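Working notes for the structure below.
Keep in mind that this is a model prediction, so the values were computed, not measured. Atoms considered below: every heavy atom in the structure, side chains included; atoms not considered: hydrogens, waters and symmetry mates.
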Amino acid sequence: MNKHFLGDTAALLGRSLRHIARSPDTIITTAIMPIAFMLLFVYVFGGAIETGTDSYVNYLLPGILIITIASGISYTAYRLFLDIQGGIFERFQSMPIARSAVLWAHVLTSLVANLISLVVVVGVALAMGFRTGTSVLGWLAVAGILVLFTLALTWLAVIPGLTAKSVDGASAFSYPLIFLPFVSSAFVPTESMPGPVRAFAEHQPVTAIVNGIRALFTQQPVGADIWTALAWCLGILVAAYLFAGMTYRRTIS
């Protein structure tokens, strides 16, 4: 059964990746907005923002990576919605394939597409002056956090993809997620924020994830931030996976 599931998932993943290869504008569009934010904040607002670091792009990049993921997962909900509306799921149900393979193919497609977008954004950041002395192990730790966060948000995106009544509804859920980094330590230190805003910023998941990645890039002690970030990512992932599974079973039943 496990072998059947893996083979079906691989076949459906290839189908989804071929769609992306024929329409690379999806990845380009996903990367453009974070890159635009990075250019705007570094070259327009960067000189007026005090972060205690010499290079604002070094400070900014972890938050931009989070925005890249948040903007990219909206396409997961979009593609899932189109498949449901197009009757693909009903056709797959009539075939001898593992039912969960359809969902996992969409999730893994999102992971691959987002990783490509993240590489593009990091490449632009390097061209803008981003530098880090972190080790290979540090880069792997950053990649691990980003993969975990991508999976958590992707499973969250599955829910509106299965339940939305329109294309706009399927993809619009990502807007609050894109906004969340702006009320965190992604762009400015939380110490500069007013009391209630600071309290929210310091206790929401993006701040812990951004601080953990920033510490890894700057080779500083990660402290409790890395464990808080992992707890948030795993908590969102487990909750979203379970709820998405229940929603999927109701949708195809």
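- The neighbour count for Trp139 CH2, taken as heavy atoms of other residues, nucleotides or ligands under 6.0 Å away, is above 12.
- For the atom pair CG of Leu60 and CE of Met128, the computed distance is 7.5 Å after rounding to the nearest 0.5 Å.
- Rounded to the nearest 0.5 angstrom, Asn114 CG and Thr76 OG1 are separated by 6.5 Å.
- Here the side chains of Leu115 and Thr150 are not in contact, with every heavy-atom distance at 4.5 Å or above.
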message: Walk me through whether Leu162 and Leu80 qualify under side chain to side chain contact (heavy atoms under 4.5 Å, CB included).
response: CA-CA 7 Å; Leu162 293 171; Leu80 200 53; 4.0 Å; yes
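- One distance of note links CE of Met33 with CD1 of Ile178; it measures 3.5 Å at 0.5 Å rounding.
- Summarising the geometry of Asn58 relative to Gly129, their closest heavy-atom pair is OD1-O, 4.0 Å, with the distance given to 0.1 Å.
- Here the straight-line distance linking atom OG1 of Thr134 with atom CD of Gln220 works out to 11.0 Å at 0.5 Å rounding.
- Side-chain contact between Leu126 and Arg131: present, with at least one pair of heavy atoms (C-beta onward) separated by less than 4.5 Å.
- Hydrophobic clustering of Ile, Leu, Val, Met, Phe, Trp and Tyr side chains at less than 4.5 Å, counting indirect connections, keeps Leu140 apart from Leu118.
- Contact record, Pro34 with Ser71: CG-OG, 4.0 Å, taken as the closest heavy-atom pair.
- Of the possible donor and acceptor atoms, one in the side chain of Ser117 sits under 3.5 Å from a partner among the backbone N and O of Ala113.
- Side-chain contact between Ile64 and Val57 is absent, with no heavy-atom pair separated by less than 4.5 Å.
- No hydrogens or angles considered: a donor-acceptor pair under 3.5 Å links the side chains of Asn211 and Ser185.
- Residues Ile145 and Trp232 are members of separate hydrophobic clusters, defined by side-chain heavy-atom contacts under 4.5 angstrom among Ile, Leu, Val, Met, Phe, Trp and Tyr.
- Surrounding CZ of Phe182 are more than 12 heavy atoms belonging to other residues, nucleotides or ligands, all under 6.0 Å away.
- You'll find the side chain of Thr132 stays beyond 4.5 Å of the side chain of Leu216, heavy atoms only.
- Taken together through direct or relayed side-chain contacts under 4.5 Å among Ile, Leu, Val, Met, Phe, Trp and Tyr, Leu39 and Val120 form part of one hydrophobic cluster.
- Taking the ring pair (Phe, Tyr, Trp, His ring centres under 6.0 Å) definition, one finds that Tyr175 meets it with nothing, sequence neighbours left out.
- There is no path of hydrophobic side-chain contacts, each under 4.5 Å, that joins Ile236 to Val107.
- Nearest heavy-atom pair, Gly63 versus Ala186, reported as atom, atom and distance to 0.1 Å: CA-CB, 3.7 Å.
- Side chain of Arg214 to main chain of Tyr59: a donor-acceptor pair is present (N/O by atom type, distance under 3.5 Å, no hydrogens or angles).
- For the side-chain contact (heavy atoms from CB on, under 4.5 Å) test with Cys233, the passing option among Leu146, Val147, Leu148 is Leu148; the others fail.
- Tested against Trp155, the residues Phe243, Phe149, Trp104, Tyr248 include a single ring pair (Phe, Tyr, Trp, His ring centres under 6.0 Å) partner, Trp104.
- Judged purely by distance below 3.5 Å, without hydrogens or angles, the side chains of Thr190 and Glu202 pair a donor atom with an acceptor atom.
- Scanning both residues, Ala201 and Met193, for their nearest heavy atoms gives CB-SD, 3.6 Å.
- Other residues, nucleotides and ligands place no more than 12 heavy atoms under 6.0 Å from the OH atom of Tyr78.
- Under a hydrophobic clustering in which Ile, Leu, Val, Met, Phe, Trp and Tyr are joined whenever their side-chain heavy atoms come within less than 4.5 Å, directly or via other members, Val136 and Ile213 fall into different clusters.
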message: Please determine whether side chain to side chain contact (heavy atoms under 4.5 Å, CB included) holds for the pair Thr109 and Leu13, giving the CA-CA distance in whole Å, both sets of side-chain angles, and the decisive distance to 0.1 Å.
response: CA-CA 6 Å; Thr109 299; Leu13 173 62; 3.4 Å; yes
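- Separating the CD atom in Gln204 from the OG atom in Ser184 is a distance of 5.0 Å, to the nearest 0.5 Å.
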- prompt: Run the side chain to side chain contact (heavy atoms under 4.5 Å, CB included) check on His106 and Val158 step by step: do they pass?
  reply: CA-CA 9 Å; His106 278 280; Val158 166; 5.9 Å; no
task: List the steps, then state whether side chain to side chain contact (heavy atoms under 4.5 Å, CB included) holds for Ile73 with Leu177.
output: CA-CA 10 Å; Ile73 51 97; Leu177 299 178; 4.0 Å; yes
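- Once rounded to the nearest 0.5 Å, the distance linking OH of Tyr241 with CD1 of Ile159 reads 12.5 Å.
- Considering every non-hydrogen atom in both Tyr56 and Phe187, the closest pair reads OH-O, 2.9 Å.
- Side-chain N or O atoms of Arg198 include none that pairs as donor or acceptor with a backbone N or O of Ser192 at under 3.5 Å.
- Applying the ring pair (Phe, Tyr, Trp, His ring centres under 6.0 Å) test to Phe130 and every residue at least two apart in sequence or in another chain returns Phe217.
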